[in-house]
Visitor: 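Here you go, one structure.
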There are 2 protein chains.
Amino acid sequence: MNQGITEAQFLDQYNPKDYDSPLMTVDIALFTLHESTLQILLVERGDHPHKGRWALPGGFIDLKSDTELHDTAKRKLREKTGVDVPLLEQVNTIGNARRDPRGWSVTALYMALVPHAPTAEFIETVKDARWWPIDEVRKLPLAFDHAELVHLARERLKNKTAYTVLPIHVLKQPFSLTQLQQAFELLMDATLEKKSFRRRILNAEILEEVGEGVPEGGRGRPTALYRPAKNSEQYLFTRVFGDAVSS
Amino acid sequence: MNQGITEAQFLDQYNPKDYDSPLMTVDIALFTLHESTLQILLVERGDHPHKGRWALPGGFIDLKSDTELHDTAKRKLREKTGVDVPLLEQVNTIGNARRDPRGWSVTALYMALVPHAPTAEFIETVKDARWWPIDEVRKLPLAFDHAELVHLARERLKNKTAYTVLPIHVLKQPFSLTQLQQAFELLMDATLEKKSFRRRILNAEILEEVGEGVPEGGRGRPTALYRPAKNSEQYLFTRVFGDAVSS
DNA sequence: CATATTATTGGCCAACAGCCACTATATAGC
DNA sequence: GCTATATAGTGGCTGTTGGCCAATAATATG
């Protein structure tokens, strides 16, 4: 193949355009909690292919400005949400010959969960993007195989949540344990037992009590409010829930 | 951008070579257990770049014959081991501008664990490939960022093993519980408590007793031999071990 | 003041993991 | 044979944790 030449000579001769390569994209499933629903950010495609359909934010790598794969993901999210998403989790990479009409295509799927507030006003200004409640997404016409990608990300989110204290950093602070439990339940799509939930969360020592607040619904016993303890970042990947989920 | 044209017209005009795209490859960390060590398959590179260094088996997608990303992985493994690997797990996808001297490069890393015997003779005939004990790999000159890829796959293997009954299908059958425990310990890189191990494995009801055999070392009480029960495939992803690991 | 509503705690039981000593059954050497 | 040694397998205790659900606390409403 390249006998008898040095590596420098080889690189000199090499031109990537001499070879066929697939399309390479990045897609991001960005989730948030708002008004007691789990929501996902979708973008209405303005270009072919699949013009007019809803899609996950994402796109091609900019070989000049991006130096890491997740730089592309961060850049695309910044364009659509106006904020920098710190924790991007890679979910899966899907590649085949039929998912994009333009030909062989590979996409790296990322996932993140962000608080709703900081993004809300900005997204209104991006006319082709909006938050969709996750339950309504299956009624939408989605581009490419994005219905499948949404499903993969949603499953990962369920699992991830069971293993981490992730929702703590998504709620408006301070929050009550009831609110925190509701957040966990939304993300995990499961019902948690109240006493077990409180035991685990409090034993983990990741919360700090900061006073009292009004209960859900305005009436009833006042509730204790909490915020993440200073050292709670380090517990971000602590296992908090086991099999303590019913469906 | 493409105003006023139909999707068919758009696709007609479209040529992927008009756009810059990164190199896209697939790499596979193939593990096996042999002679009480965890081993990984490596290939000595015959071409630039990094000619002469050891690398994970892998390579470029064949846009004509491969229809799925993991087809590429399976094809490459078949060339090197002579066998079809049924269970390929995707570990991670790494992409950046500096991992390959040829330019921006993305690789999808897969992982699998196979029994040693069926591959052994074939690999001898592939002169550039061999099994390496995992502990010796860090002394080798590895190509690209494959040292990092090996590390990622090894970590995933540890976790995966803790959650599945994977080693059952890798041992020569029938096997004793002592042998099974040793396999788990090698894969998880941890010490397991004998009684707890046996309790969990036997309670899972995934094994079938099939007689007696000689103990390890030839002397001592004879050992019960087991093989996977018929329904054990469905338990492939059952959680078998929790935090019952010391180091 | 009675009732409804939400928050929080008490307390029991069953399951299970860690621990380690004890028993069982073989081989090797004398 | 007898003893030492090696490996396999079990008994049984303890502490932790999760599921369950009833009891108690503290407020709002009419």
Side-chain angles (χ1 to χ4, degrees), chain A residues 36 161-163 165 171 173-185 188 190-227 235 238-247, chain B residues 36 161-163 165 171-186 188 190-227 235 238-247:
Chain A
S36 291
T161 305
Y163 279 85
V165 190
L171 286 179
Q173 293 175 22
F175 48 81
S176 68
L177 289 185
T178 303
Q179 288 166 342
L180 185 59
Q181 180 172 349
Q182 282 168 0
F184 267 100
E185 289 179 338
M188 296 172 70
T191 305
L192 301 175
E193 214 282 327
K194 187 167 49 167
K195 185 66 191 295
S196 305
F197 176 82
R198 303 170 90 93
R199 225 183 348 226
R200 297 185 88 145
I201 289 288
L202 294 177
N203 283 349
E205 294 188 332
I206 49 183
L207 295 186
E208 196 176 6
E209 198 174 338
V210 293
E212 278 198 346
V214 295
E216 295 290 292
R219 36 197 269 171
R221 175 172 171 173
T223 179
L225 296 177
Y226 298 84
R227 71 172 74 240
Y235 290 104
T238 298
R239 178 187 181 87
V240 179
F241 295 100
D243 314 309
V245 291
S246 58
S247 162
Chain B
S36 293
T161 305
Y163 280 84
V165 190
L171 286 179
K172 187 169 54 183
Q173 293 176 20
F175 48 82
S176 68
L177 288 184
T178 303
Q179 289 167 341
L180 185 59
Q181 181 173 348
Q182 282 169 0
F184 268 100
E185 289 180 338
L186 280 173
M188 295 172 71
T191 305
L192 301 175
E193 214 280 327
K194 186 167 55 165
K195 186 67 190 294
S196 304
F197 176 81
R198 302 170 92 93
R199 225 182 352 224
R200 297 185 86 146
I201 289 289
L202 294 177
N203 282 349
E205 295 189 330
I206 49 183
L207 296 185
E208 194 176 6
E209 198 175 336
V210 294
E212 278 198 345
V214 295
E216 297 290 292
R219 38 197 261 162
R221 175 173 169 173
T223 180
L225 296 177
Y226 297 84
R227 72 172 73 240
Y235 290 103
T238 298
R239 179 187 181 88
V240 179
F241 295 100
D243 314 309
V245 291
S246 58
S247 160

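Keep in mind that the numbers below use all heavy atoms, side chains included, and drop hydrogens, waters and symmetry copies. Throughout, a chain's letter reflects where its sequence line sits, starting with A, and its residues are numbered from 1.
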Visitor: CZ of B:Arg198 versus C1' of D:dA8: gap in Å, rounded?
Guide: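 Distance, rounded to whole Å: 6 Å.
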Visitor: Could you tell me whether the side chain of B:Arg199 has a donor or acceptor atom within less than 3.5 Å of a complementary atom in the base of D:dG9?
Guide: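 When only heavy-atom distances are counted, B:Arg199 does not reach the base of D:dG9 through any donor-acceptor pair under 3.5 Å.
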Visitor: Residues in salt bridge (charged side-chain N to carboxylate O under 4.0 Å, His left out) with B:Glu208, at least two apart?
Guide: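 Only B:Lys230 meet the salt bridge (charged side-chain N to carboxylate O under 4.0 Å, His left out) criterion with B:Glu208.
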Visitor: Ignoring hydrogens and angles, does a donor from either the side chain of A:Lys195 or the base of C:dG10 sit under 3.5 Å from an acceptor on the other?
Guide: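 Counting by modelled atom types and ignoring angles, a donor-acceptor contact under 3.5 Å is found here.
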Visitor: Where do N or O atoms of nucleotides 21-24 of chain C meet protein N or O atoms at under 3.5 Å, pair by pair?
Guide:
unit_1, atom_1, unit_2, atom_2, d
C:dA24, O4', B:Arg221, NH1, 3.3

Visitor: Return the minimal non-hydrogen interatomic distance between A:Leu192 and A:Phe184, and the atom names on each side.
Guide: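 Smallest heavy-atom distance, with atoms named: CD1-CB, 3.8 Å.
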Visitor: Whole Å only: how far is the CG atom of A:Leu202 from the P atom of C:dG10?
Guide: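 Spelled out: CG on A:Leu202 to P on C:dG10 is 13 Å.
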Visitor: Report the nucleotide, chosen from D:dA8, C:dC20, C:dA26, that has the shortest atom-to-atom distance to any side-chain atom of B:Thr223.
Guide: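 Out of D:dA8, C:dC20, C:dA26, the nucleotide with an atom closest to B:Thr223's side chain is D:dA8.
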Visitor: Minimum heavy-atom separation for B:Thr161 and B:Met188, please, with both atom names.
Guide: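 Heavy-atom minimum between the residues: CG2-CG, 3.5 Å.
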Visitor: Can you check whether B:Tyr226 reaches B:Ile201 side chain to side chain, under 4.5 Å on heavy atoms?
Guide: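 Sidechains of B:Ile201 and B:Tyr226: no contact.
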Visitor: Table please: side-chain donor-acceptor pairs of residues 210-225 of chain A below 3.5 Å, with sequence neighbours left out.
Guide:
unit_1, atom_1, unit_2, atom_2, d
A:Glu216, OE2, A:Gln179, NE2, 3.1

Visitor: Roughly, in whole Å, what's the span from CG in A:Leu177 to P in C:dT6?
Guide: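 In whole Å, C:dT6 P and A:Leu177 CG are 17 Å from each other.
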Visitor: I need the CD1-C1' distance between A:Ile201 and C:dA7, as an integer number of Å.
Guide: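 The distance from CD1 of A:Ile201 to C1' of C:dA7 comes to 16 Å, rounded to the nearest Å.
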Visitor: Under 4.0 Å, heavy atom to any atom of DNA chain C: which of residues 209-219 of chain B qualify?
Guide: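 B:Gly218, B:Arg219, in order of number.
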Visitor: Rounded to the nearest Å, what distance is computed from the CZ atom of residue A:Phe197 to the C1' atom of nucleotide C:dT9?
Guide: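 In whole Å, C:dT9 C1' and A:Phe197 CZ are 16 Å from each other.
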Visitor: May I have the distance from A:Gln182 (atom CD) to C:dA7 (atom C1'), rounded to whole angstrom?
Guide: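 My rounded result for the distance is 12 Å.
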Visitor: Taking atom CD of A:Glu185 and atom CG of A:Leu180, what is their separation to the nearest 0.5 Å?
Guide: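 So the CD of A:Glu185 and the CG of A:Leu180 are separated by 10.0 Å.
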Visitor: Send over the distance from A:Gln181 CD to C:dT6 C1', rounded to a whole Å.
Guide: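 My rounded result for the distance is 13 Å.
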Visitor: Residues two or more places apart in sequence or in another chain: which of them pass side-chain hydrogen bond (donor to acceptor under 3.5 Å, both in side chains) with B:Gln182?
Guide: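 Expected list: none.
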Visitor: Can you tell me which nucleotide in C:dC19, D:dG18, D:dC20 comes closest to the side chain of A:Arg200?
Guide: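 The answer is D:dG18.
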Visitor: Let me spell it out: for each of B:Ala224 and A:Asn203, pick the nucleotide of DNA chain D with the closest heavy atom. Which residue's pick is nearer the 5' end?
Guide: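 Its nearest nucleotide being more 5', the pick is B:Ala224.
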Visitor: Give the rounded distance in Å between these two atoms: CD of A:Glu193 and P of C:dC13.
Guide: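 Spelled out: CD on A:Glu193 to P on C:dC13 is 17 Å.
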Visitor: Name the nucleic acid region contacted by A:Thr178, choosing base, sugar-phosphate or nothing; use a 4.0 angstrom heavy-atom cut-off, strictly under.
Guide: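 The answer is sugar-phosphate, as A:Thr178 gets under 4.0 Å only of primed atoms, P, OP1 or OP2.
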Visitor: Grab the two heavy atoms, one from A:Leu171 and one from A:Ala183, that are nearest each other, plus how far apart they are.
Guide: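 Looks like CD2-CB, 4.1 Å.
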Visitor: Write down the atom of B:Arg198, the atom of B:Thr178, and the distance for their closest heavy-atom approach.
Guide: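 Looking at all heavy atoms of both residues, the shortest contact is NH1-OG1, 4.5 Å.
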